[in-house]
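Quick notes on the structure that follows.
Below, each value reflects all heavy atoms present in this structure, side chains not excepted, and no hydrogens, waters or symmetry copies. Per chain, numbering begins at 1; letters A, B, ... match sequence-line order.
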Amino acid sequence: MGAKYWLVKSEPSVYSISDLSKEKTKTTYWDGVRNYQARNFIRDDMKIGDLVLYYHSNDEPLGVAGYCEIVRESYPDFTAQISDNPHFDPKSTSENPIWYMVDIKLIKIFKKVVGIADMKENPKLQAMRLLQRGNRLSVIPVSEQEFHEILMMAGE
DNA sequence: GCCAACGTTGGC
DNA sequence: GCCAACGTTGGC
């Protein structure tokens, strides 16, 4: 059985949760993942209805800004085959696309971002992979308890 | 801006 | 198959 809860990272300067909220259907394709471990989660384990924490990295305030739902399961990330796309990968072909994406739909923007410093101080979140030293994965499985704890911290 | 951690690449 | 060099991530 795969995970049902996830966390994805995005740099707000590239694509923020408020950008997502401005989409007509509040839905976007989650493109640009170019790491095999993260790709495997996307391709093999993310299922429709799974819930996804939306984490803002590399910009203040650092933390979980809201959450989404997976509304389409994995399909080839076509941006890998567009030569002037920042995520272009010449090894990706129609026959062997290598990289995959899912569609996510915004459910909720938190009134206040759940900050990484507060998360680190929460004993219930000590095992979160996001908080481990050297962590760089942009797609991370989250336990049900961790997911609900973060919603609590957000006042949801 | 700094730098530690990590993944990937490429020479051998 | 090893490993040094390099590029990227991302918190501080």
Side-chain angles (χ1 to χ4, degrees), chain A residues 2-3 5-22 28-46 50-68 70 74-104 106-143 145-156:
Chain A
Y5 301 92
W6 306 90
L7 178 146
V8 296
K9 296 178 188 170
S10 184
E11 298 190 31
S13 62
V14 178
Y15 193 87
S16 73
I17 199 165
S18 93
D19 292 327
L20 174 55
S21 78
K22 288 173 193 142
T28 190
Y29 50 83
W30 198 254
D31 67 307
V33 171
R34 298 291 179 268
N35 167 286
Y36 286 102
Q37 207 175 348
R39 187 279 311 267
N40 291 347
F41 286 139
I42 288 174
R43 189 190 57 185
D44 306 334
D45 298 329
M46 282 183 150
D50 286 3
L51 299 178
V52 181
L53 297 169
Y54 197 111
Y55 180 83
H56 278 170
S57 67
N58 256 310
D59 204 357
E60 295 295 332
L62 293 170
V64 180
Y67 68 103
C68 305
I70 291 174
S74 71
Y75 58 107
D77 180 346
F78 57 83
T79 67
Q81 292 173 55
I82 300 171
S83 59
D84 64 349
N85 187 282
H87 302 296
F88 176 62
D89 180 353
K91 296 192 297 298
S92 173
T93 63
S94 304
E95 296 72 33
N96 180 23
I98 305 178
W99 306 112
Y100 289 80
M101 57 190 182
V102 292
D103 288 357
I104 60 172
L106 179 66
I107 296 179
K108 184 91 189 178
I109 295 181
F110 294 152
K111 292 179 196 69
K112 186 170 178 298
V113 169
V114 176
I116 189 172
D118 291 338
M119 291 169 68
K120 282 184 171 173
E121 285 173 11
N122 187 330
K124 293 180 183 167
L125 299 180
Q126 290 312 297
M128 273 194 87
R129 185 154 182 185
L130 172 76
L131 305 179
Q132 306 309 308
R133 185 180 173 81
N135 147 73
R136 283 175 49 185
L137 258 192
S138 61
V139 177
I140 302 177
V142 170
S143 77
Q145 290 80 4
E146 290 162 349
F147 183 88
H148 287 121
E149 184 63 20
I150 286 165
L151 259 58
M152 287 256 285
M153 292 172 75
E156 298 294 337

- Item | Among B/dG7, C/dG10, C/dC12, the nucleotide that comes nearest once only the side chain of A/Ile116 is considered | C/dC12

- A/Glu11 has an atom CD; how far is it from atom C1' of C/dG11, in whole Å? 12 Å

- Ignoring hydrogens and geometry, is there a side-chain-to-backbone donor-acceptor pair from A/His56 to A/Ile17 under 3.5 Å? yes

- Task: Could you tell me the separation between the NZ atom of A/Lys120 and the C1' atom of C/dG11, rounded to a whole number of Å?
- Result: 7 Å

- Item | Side chain of A/Arg133 - closest among C/dG11, B/dA5, C/dG10 | B/dA5

- Note on the structure: Of the candidates B/dT8, B/dG7, C/dC12, the side chain of A/Tyr36 sits closest to B/dT8

- Message: Tell me the interatomic distance from A/Leu137, atom CG, to B/dG7, atom P, rounded to whole angstroms.
- Response: 8 Å

- Is there a side-chain polar atom (N or O) of A/Tyr55 under 4.0 Å from OP1 or OP2 of C/dG11? yes

- What is the distance from CH2 of A/Trp99 to P of B/dG7, rounded to the nearest Å? 12 Å

- Residue pair A/Ser138, A/Arg34: steps toward the side chain to side chain donor-acceptor pair (under 3.5 Å) verdict: CA-CA 9 Å; A/Ser138 61; A/Arg34 298 291 179 268; over 6 Å; no

- Task: Grab the NZ-P distance between A/Lys91 and B/dT8 for me, whole Å please.
- Result: 9 Å

- Task: Give a yes or no answer on whether the side chain of A/Asn135 reaches the backbone of A/Leu130 with a donor-acceptor pair at less than 3.5 Å.
- Result: yes

- Whole-Å distance, A/Lys9 NZ to C/dG11 C1', equals 10 Å

- Query: Between atom CG in A/Asn35 and atom C1' in B/dA5, what is the gap in whole Å?
  - Reply: 13 Å

- Item | Aromatic contact, A/Trp6 with A/Tyr55 (centres under 6.0 Å) | no

- Separation of A/His87 atom NE2 from C/dG7 atom C1', in whole Å? 15 Å

